[in-house]
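Shown next, in structure tokens, is the structure this report addresses.
Convention: sequence-line order gives letters A, B, ...; per-chain numbering from 1.
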Amino acid sequence: MKKDYEVQVDCVSCANELCEEVKKVSGVKNAEINFMAKKITIEFEDGVDINEVASVAKKAVNQLDDEFDIFI
Amino acid sequence: MSDKQKLRLYRILVSFALFLLAKFLKMDVRIQVVIFIISYLISGYDVLKKAFKRIMKFKAFDETILMSIATIGAFLIGEYQEAVFVMVFYQLGELFQDYSVDKSRDSIKNLLDINPDFANIEKSGSIEKVDPSVVEVGDVVVVNPYEKIPIDGEIIEGNTMLNTSAITGESIPRYVSVGDSVVSGLINTENVIKVKTTKKYEDSTASKIINLIENATSKKSKSENFISNFARVYTPIVCLIALLTFICPVLFNVLFLNNTSNVFGHLYNALTILVISCPCAILISIPLAFFSSVGNASKNGILIKGTNYIETLSKIKTFVFDKTGTMTKGVFEVVGIHHCVRDEKELIKIVAHVEHFSNHPIAKSIVKYYDDQIDANIVSDVKEISGRGLSAIVDGKKVLVGNDKLMTDNNIEYIECKSVGTVVHVAIDNSYEGHILVSDIIKPNAAKSITELKKLGVEKNIMLSGDREVIAKAVAKELALDECYAELLPDDKLNKIEELLMNSKVVFVGDGINDTPCISRADVGIAMGGIGSASVIDLADVVIMDDDIINVPKAYKISKKTMTVVYENMIFSIGVKFAILILSIFGITNMWFAIFADVGVMVLAVLNSVRLLYMKN
């Protein structure tokens, strides 16, 4: 199950960092970031609560850098 | 510029002003140093803050950390001016980068502003303005002049001229009337029309296009992957080199020459190297180039669904075209009826009644020629025989309508047609009744398109057709094609593509509906006429929204120009960095030059990429 979210990052390497951090979140199978379109596509593991996992990802990303964000 | 960006700009300007003040005005050295420090902090405090946070969290060295080390290091060895200048210029570069990306995004957003904001639903006589997403399939919407068609559907009342430029890039308005299919995003220019929706808002053409364009930059091309990998190793390697540039000569001096002269000099060189340790120029300019191209292409009614296709397309030298509907209009016209038993009128009536049940362009042309009421009741048992034609019972008579293979299959002797064209043989109750000659018109820009492709470097232009050899050859000759294969069944066409794929990469250009397997199989599948069929948009790698074949060389040109910019940026950025690296190791250059060149290269690369947004084709 894939879902797109808008992200906030200000440079390409930051975008990649954000993506790597999201991939580490449990419940996330894979993630792909599109810097130019300002969005991330998260592929969730089967059976997880998507909104919950997305919230966890958002928090993780916020902690990484207070300029980073995922809009849920 | 956003507020945040404006603030950044002010900080940079104030900082630079202070810098100049301190540098050129005569003052006490201590005051000078203080002003330099203040100037440095004004432009660099956010960088320092970020770097500090990262170090505390043990994160990898990134540009903020490296810039901080470089500039603080410069301060420590007394190079105050350099430290300030590097920080100010670095921030200027970052601001420029930020601004360019935002501007590009805005441009694309404007281009993609094709979706309507409202729909006028007609329900039980009254008209209500609603959000387009609530409209159901089968609802009737009213589209007034100057309004956008909100959802894909069919016109049930009225006729008008539509502006299709938002979708096709084509400025010539299109006439539509009752029965015509229309898609969302088109602008009504003249009369009110009523449209019965056949889709939901989010599945309509305009929404689909927007989605596709946004996602096009998700699929990474080889170049983009290369850049990612390069960037990952570049920074650590450069840091290592910087470290060695400091340690090696100093160690050497201490161990072998027993002196510590010029430690600061070597430190300075090391710090200079740190200044160019961020590969931002390439990291931003390459995706920006692809993004700009995708945007520009969409302006021309060319949807490129992935940046990887831009890359692949630019390298391909073999183009394969379908004939009917791609090179030719696919709109056939009856040019002759060569009857031999019953009279013309009756023959055409019977044939039209059978052809009424087929969607093939040839069938449609015959029905059009007949131009009279079709009584479906007198027709039964209609069968479509793939690659052959149709059979049916009309008015109790067994009718066979199709090509010469259909006649031979049924042991009916037929008469060849002497003229060039598509021949539809007719047999009624197993007796040959004559044939109808139908001709397909070559698209006006077809010959020009082939010439353009050749000019752009295409080596082989090949045409595949299910039509007769004579006709296919005639078309191939007129268009100056290199190879032509005729009388192909759908399977044959796919086999031909497989054959060609063994030798080189292949582009296939077709009209979507009939050419699905070939479009999927080719390295790049280009479908024409996307505006007519939403399923086509899902299918191909590149979709040309209108039917003008001139957009094929246009797409090719865009892909080539894009890759040229990409390679230019790559070579230029990496080359300059490498040069500065070498110069720094040997102490031939200084920090001023390093940061200036670094930011300069980035600015040039970004500008190079952005101009792809505005290229004229």
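Looking at Lys109(B), there are no atoms closer than 4.5 Å to chain A (heavy atoms on both sides), in backbone or side chain. When heavy atoms are compared at a cutoff of 4.5 Å, Ile108(B) does not approach chain A at all. Residue Gln97(B) touches chain A through its side chain alone, counting heavy-atom pairs closer than 4.5 Å. Both the backbone and the side chain of Leu64(A) come within less than 4.5 Å of a heavy atom in chain B. Looking at Arg232(B), there are no atoms closer than 4.5 Å to chain A (heavy atoms on both sides), in backbone or side chain.
The two residues Tyr234(B) and Ile276(B) make their nearest non-hydrogen contact at OH-O, 2.8 Å. Heavy-atom minimum distance, Cys278(B) versus Lys577(B): O-NZ, 3.0 Å.
Annotation: maximal heavy-atom pairing with chain B below 4.5 Å, among Asn34(A), Asp65(A), Thr41(A), Ile33(A), occurs at Asn34(A).
We find that Lys4(B) and Asp98(B) are not joined by a salt bridge, their nearest charged nitrogen and carboxylate oxygen being 4.0 Å or further apart. Salt bridge annotation for Lys38(A)-Glu214(B): absent, with no cationic side-chain nitrogen under 4.0 angstrom from a carboxylate oxygen.
Within 6.0 Å of the OH atom in Tyr10(B), the count of heavy atoms belonging to other residues, nucleotides or ligands does not exceed 12.
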